[in-house]
Protein chains: 2
Amino acid sequence: MAEVIDIDDPGDPRVDDFRDLSSADRRPDLPGRKGLVIAEGVVVVQRMLSSRFTPSALLGVDKRLEPLADDLADLDVPYYRASAEVMAEIVGFHLNRGVLAVAQRPAELTVDEVLDGARTVAVLEGVNDHENLGSMFRNAAGLGADAVLFGDRCADPLYRRAVRVSMGHVLRVPFAQMSKWPADLDLLRDRGFQIIALTPNSDAVNLATAMTGERVALLLGAEGPGLTEEAMRATDVRARIPMSPGTDSLNVATAAAMAFYERVRTS
Amino acid sequence: MAEVIDIDDPGDPRVDDFRDLSSADRRPDLPGRKGLVIAEGVVVVQRMLSSRFTPSALLGVDKRLEPLADDLADLDVPYYRASAEVMAEIVGFHLNRGVLAVAQRPAELTVDEVLDGARTVAVLEGVNDHENLGSMFRNAAGLGADAVLFGDRCADPLYRRAVRVSMGHVLRVPFAQMSKWPADLDLLRDRGFQIIALTPNSDAVNLATAMTGERVALLLGAEGPGLTEEAMRATDVRARIPMSPGTDSLNVATAAAMAFYERVRTS
């Protein structure tokens, strides 16, 4: 059972890992600083507890202990219990989710590890918006995609906002960084993945008919610039979601959801 | 041609409609105050100009005049030209999109008007998040849904953030407010719409097979609470998007996109 330790002094050094969560120069969840991973709220904390991210401590108000009781039963970490006011002073704002967990970043997974057994993966290039990244992981989890690979110039999926928007699914859907971009797409090809670029380009084939492989990797770029030509050339098929004339491409997380949905529907 | 008028004094009363855009107590885009509709950025301003929302004025930096030249050619409204600094003082923050247009709210469309000729409509209950509303309209426009109807307890689609997130499509996709909820769903039934409730409930039929009508109305509720039982009972079919176990329902705008996509695919 997690040990409950009362914190009355916001300056208590035992809760330093939870300090100044929204202060850009001191926040603990940035790689290069402490690089900690923060889970917020009962559901996301539960997802962290069932993930490869092992929390080193929790900080929460008294009434979050009860919904977490089962989850904390076998856990040997402190639950720092504080009033909402003391918690607000520690984290720097009023947090109405009422509970946080903090974990060290574990060793990164390798491309090999995340592809093991995967049938559907998303491969991202230039997706540098934390909210889009979070939504993408949420949609991947909900619609049965197995993994996410990062090509070039993507944001940190373990940033606090990304964890929150993903509803904790960045902690559970495995991801890995590719080191050579786009050359490492060959790692997918070698493993039998059909590599499909999603593009609004009207020359591309319809998404509904494009995904014919037993294993499929869906390449997605950022809104606006989309995929680089270099990445496009490294794919097997260019596919599009049929869009109405005079509209924009879909948000990248929505486009991914559509592709995941199509994949579930046809397999 | 829109008349270009230079504004050097941030206190100039001619730009009062653009004042304090983010200040909750004074912002001009709230119903009950001035109720103005604000378009931000070249693309959204262009969409406003091709919509039923007729701007009364624009405020922008000099270099936004050129990309808007064609659009402004036949327009008889002032373009208040200001430096980025003066503009920031007027609106209350630095606006890197560089141009704004403001319009009075026109008369609301009726349910009859928005249903005229429509094949696919979304009907929302309790969607009170401006960002979700905006995304919903963006997805409706992109994936060919014809109209949006508001049942009970929805946020204002003409709130500045909703306009922006929709990329201006709230100005173009017609919408109307239902007055009696959910009784007014009969207005749809009378016009031959098949009324489908989207729900994560596992008893519901698969979305892919549910949409059999020539005209389809898709009922969507807010994340979390979902549709009320009362609304559910007023529908013809309950349909679900197949989700992985242990995940949450999709974001409402994403769920809508999936349904719109399915509708395009099968019709």
Side-chain angles (χ1 to χ4, degrees), chain A residues 41-44 46-47 50-51 119-120 131-132 134-146 164-169 171-173 200 206-210 223-224 240-267, chain B residues 41-44 46-47 50-51 119-120 131-132 134-146 164-169 171-173 200 206-210 223-224 240-267:
Chain A
V42 169
V43 171
V44 179
Q46 286 170 328
R47 291 200 172 127
S50 67
S51 78
R119 288 190 64 245
T120 307
E131 196 162 338
N132 283 345
S135 298
M136 155 84 61
F137 275 87
R138 177 180 174 184
N139 294 342
L143 296 162
D146 301 301
R164 187 174 69 232
V165 172
S166 82
M167 302 183 88
H169 289 297
L171 307 174
R172 299 179 72 186
V173 176
N206 192 316
L207 174 66
T209 55
E223 266 177 86
R240 62 188 288 271
I241 295 164
M243 302 285 293
S244 301
T247 59
D248 319 274
S249 62
L250 294 168
N251 167 290
V252 61
T254 308
M258 225 70 75
F260 301 152
Y261 173 79
E262 188 64 50
R263 181 78 171 140
V264 172
R265 195 184 62 76
T266 54
S267 58
Chain B
V42 169
V43 171
V44 179
Q46 286 170 328
R47 291 200 173 129
S50 66
S51 79
R119 288 190 66 246
T120 308
E131 195 161 340
N132 283 345
S135 299
M136 155 83 62
F137 274 87
R138 177 181 174 184
N139 294 343
L143 296 163
D146 300 301
R164 186 174 69 234
V165 172
S166 82
M167 303 184 88
H169 289 297
L171 308 174
R172 299 179 73 187
V173 176
N206 193 317
L207 175 65
T209 55
E223 265 177 84
R240 62 187 289 270
I241 295 164
M243 301 285 293
S244 301
T247 60
D248 320 275
S249 61
L250 294 168
N251 168 292
V252 61
T254 307
M258 225 68 76
F260 300 152
Y261 172 79
E262 189 64 49
R263 181 78 172 141
V264 171
R265 195 185 63 76
T266 54
S267 58

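Any value given below was found using the heavy atoms of this structure, including those in side chains, with hydrogens, waters and symmetry copies removed. Here is the naming used below: chain letters follow the sequence lines, and residue numbers restart at 1 for every chain.
- For B/Arg265, the salt bridge (charged side-chain N to carboxylate O under 4.0 Å, His left out) partners are B/Glu262, not counting sequence neighbours.
- Only the side chain of B/Glu131 comes within less than 4.5 Å of a heavy atom of chain A; its backbone N, CA, C and O stay farther away.
- Here the CG-OH distance, from B/Leu250 to A/Tyr261, works out to 10.5 Å after rounding to the nearest 0.5 Å.
- Interface summary for chain B: among A/Arg138, A/Met243, A/Met167, A/Arg47, the most heavy-atom pairs under 4.5 angstrom belong to A/Arg138.
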- Task: Any chance you could lay out the side chain to side chain contact (heavy atoms under 4.5 Å, CB included) test for A/Ile241 and B/Leu143, step after step, and finish with the verdict?
- Result: CA-CA 9 Å; A/Ile241 295 164; B/Leu143 296 163; 3.9 Å; yes
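- With sequence neighbours excluded, no residue forms a side chain to side chain donor-acceptor pair (under 3.5 Å) with B/Arg172.
- With chain A as partner, the option from B/Pro245, B/Gly168, B/Pro242, B/Ser244 having the largest number of non-hydrogen pairs under 4.5 angstrom is B/Ser244.
- The greatest number of non-hydrogen atom pairs below 4.5 Å with chain A, out of B/Asn251, B/Val264, B/Val43, is found for B/Asn251.
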